[in-house]
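Everything below concerns the one structure shown next.
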Amino acid sequence: MRRLLLAALVIALAGLAAWWAWTGRTRPGALETAARVEADPRPADLPSPASSPLGLRLTLVGGDGTNAHLAVVRVFNAAARQQALLPARPGATEPPAVAPTTVDLTPVALAGALTVARVDGLEEVTLSADAVRIAHAPASPSVLDGATTVALRVEIDAAAVPAGSTLRARLRVPGHDVRSNRATLEPTGDDPVARLTARGHAQHARADWPGLLETGDALVAAEAGSPTGHWFRGLSLEATGDRDGARAAYEAAAARVTPGLEPPIGLYSRLAALAR
């Protein structure tokens with residue numbers, strides 16, 4: 001009888017040890033999931049939920065091999081714009097209107113506050129200050145409501161950013177820290193029209209009016225059906241005081257905007273301004 005009791009006790013202790021080992025170990029699936037999470041590389045400054053009402057939109061234009069790349073950073077009051085687009089609901093209590101926001105976007109305020117980073121997967125590497133130059137910014141602080149957009153023109157050193165790079169802008173001014181969308185710098189290749197177009201955008205950013213007129217003439221000769229060359233000519237002629245010539249160039253550009261073709265930004269507003 002004692003032998004039977006001793007055998008039963010040994011079996012019970014062995015079962016208890018096996019149960020303890022099974023419940024104490026980590027399941028392989030959970031271990032692999034934890035390892036993937038810990039190894040997931042994420043930049044330390046990923047954007048947190050935004051408290052700023054501002055929005056940032058980045059558009060890139062490639063250089064022609066000799067000029068810097070052009071970036072246009074549009075700053076707007078995203079909260080006010082979104083509220084203005086919401087349809088009115090009968091009987092519903094409307095939220096308080098989003099107040100306009102005053103932001104200092106002058107060149108002095110933007111120094112060090114507006115940065116551009118190269119994006120590679122989840123990593124972002126900010127370009128050096130020497131590689132980024134503010135080409136155009138307002139001369140005084142801007143009041144941003146739901147209908148106002150400020151366009152900042154930025155030149156980026158072509159040697160620091162090869163074609164095909166993906167970039168992202170960031171604006172950090174008092175009370176605001178916002179990032180833009182990601183934009184890819186498309187290569188112009190050997191297409192002469194694409195290279196002329198890129199050169200014209202860069203000349204416009206630098207207010208190189210004689211150069212822009214020359215580029216516009218070259219584009220008109222290279223692609224007669226495109227509005228871009230006439231648009232460049234109009235910008236140059238208007239900036240140098242030839243209102244009649246500018247209006248004629250803008251009208252020629254508008255005549256070449258066919259269905260499905262995006263017109264140059266600002267074309268119709270320039271035509272309306274010269275018609276007064």
Side-chain angles (χ1 to χ4, degrees), residues 57-74 116 132-138 149-159 161-167 169 181 183-276:
R57 182 72 183 173
L58 174 64
T59 304
L60 298 175
V61 179
D64 63 353
T66 59
N67 293 315
H69 303 308
L70 171 66
V72 179
V73 181
R74 293 178 173 85
V116 179
V132 180
R133 186 183 77 85
I134 306 297
H136 174 77
T149 298
V150 174
L152 308 172
R153 294 194 183 99
V154 180
E155 287 189 348
I156 303 172
D157 185 4
V161 181
S165 300
T166 298
L167 303 179
N181 58 298
T184 300
L185 190 64
E186 300 296 342
T188 57
D190 296 326
D191 182 357
V193 171
R195 293 175 70 85
L196 284 169
T197 301
R199 177 186 301 171
H201 285 299
Q203 290 166 330
H204 182 206
R206 294 195 303 270
D208 177 6
W209 306 123
L212 184 60
L213 183 62
E214 182 180 341
T215 299
D217 289 338
L219 266 174
V220 169
E223 195 174 39
S226 170
T228 308
H230 297 281
W231 166 245
F232 286 162
R233 295 189 74 259
L235 290 171
S236 176
L237 293 170
E238 183 180 5
T240 53
D242 186 353
R243 290 174 58 88
D244 292 338
R247 183 167 57 249
Y250 290 150
E251 289 172 349
R256 287 162 174 77
V257 178
T258 56
L261 180 64
E262 189 76 18
I265 298 174
L267 172 60
Y268 298 112
S269 63
R270 299 313 317 143
L271 270 172
L274 291 177
R276 299 180 189 137

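Nearest heavy-atom pair, P162 versus L185, reported as atom, atom and distance to 0.1 Å: O-CD2, 4.0 Å. Heavy atoms only, all atoms of each residue included: R247 and L271 are closest at O-CD2, 4.0 Å. Nearest heavy atom pair, residue L213 against residue S236, reads CB-OG, 3.4 Å.
Once rounded to the nearest 0.5 Å, the distance linking NE2 of H230 with CG of L267 reads 11.5 Å. From L58, atom CG reaches atom CZ of R74 across 9.5 Å, with rounding to the nearest 0.5 Å. Put simply, CD on Q203 and CG on L196 are 9.0 Å apart, with the number rounded to the nearest 0.5 Å. I156 CD1 to H69 NE2: the interatomic distance, rounded to the nearest 0.5 Å, is 7.5 Å. One distance of note links CG of L167 with OG1 of T59; it measures 12.0 Å at 0.5 Å rounding. Put simply, CZ on R233 and CG on D242 are 9.0 Å apart, with the number rounded to the nearest 0.5 Å.
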(message) Quick one, V73 with R57, criterion side chain to side chain contact (heavy atoms under 4.5 Å, CB included). Give me CA distance, side-chain angles, the key distance, then yes/no.
(response) CA-CA 6 Å; V73 181; R57 182 72 183 173; over 6 Å; no

(request) Show your working on side chain to side chain contact (heavy atoms under 4.5 Å, CB included) between W209 and H204 and close with a plain yes or no. (result) CA-CA 7 Å; W209 306 123; H204 182 206; 3.8 Å; yes

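Annotation: side chain of L152 is in contact with side chain of P138 (closest heavy-atom distance under 4.5 Å).
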Donor-acceptor contacts under 3.5 Å from residues 218-229 side chains, at least two apart:
unit_1 : atom_1 : unit_2 : atom_2 : d
S226   : OG     : T228   : N      : 3.2
S226   : OG     : T228   : OG1    : 3.4

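Considering only residues two or more places apart in sequence or on other chains, H201 meets the ring pair (Phe, Tyr, Trp, His ring centres under 6.0 Å) condition with F232. With sequence neighbours left out, R270 forms a salt bridge (Lys or Arg N to Asp or Glu O under 4.0 Å) with E238.
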